[in-house]
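Notes follow the structure.
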Amino acid sequence: MDAQGFLAALAPAVTDADARERFLADPKAVLAAAGLDLPEWFTVTAREGDAAELIITVPGLRDLDGDLSDDVLEGVAGGYVANQTHIFSPCS
């Protein structure tokens, strides 16, 4: 999806009350339906405001060749990761 497609997916949320409600309730699903396939670990949040803005929070740098921390290993061993910022996998 290019920038124009992204904006086209957002446009109904600005002009149609039902589309706005759907977008605010599940923006990731609306974007996926428009062709933006985001990884499962990527979170999309929508909120109402006076201006349109796009804020992207970039997680800390990861050393893909480094060792996992004891906290992460402990969580993985139990099959549960409490904090997704510690998920150790390269972006695809």
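One is the number of the first residue; the rest follow in order along the sequence.
Scored by the side-chain contact (heavy atoms from CB on, under 4.5 Å) test, Ala34 finds Met1, Ala9 as partners (sequence neighbours excluded). For Arg20, the side-chain hydrogen bond (donor to acceptor under 3.5 Å, both in side chains) partners two or more places apart in sequence, or in a different chain, are Glu48.
Within a 6.0 Å radius of CG in Asp37, no more than 12 heavy atoms belonging to other residues, nucleotides or ligands are found.
Salt bridge status for Glu53 with Arg47: present, with a side-chain N to carboxylate O gap under 4.0 Å.
Criterion: ILVMFWY side-chain heavy atoms under 4.5 Å apart, direct or through other members. Under it, Leu36 and Trp41 are part of a common hydrophobic cluster. Taken together through direct or relayed side-chain contacts under 4.5 Å among Ile, Leu, Val, Met, Phe, Trp and Tyr, Leu10 and Val14 form parts of separate hydrophobic clusters.
Taken to the nearest 0.5 Å, the CZ atom of Phe23 stands 5.0 Å off from the CG atom of Leu31. Interatomic distance, OG1 of Thr45 versus CG of Leu24, reported as 11.0 Å (0.5 Å rounding).
Inter-residue side-chain proximity for Asp18 and Arg22 is flagged as met; some heavy-atom pair is nearer than 4.5 Å.
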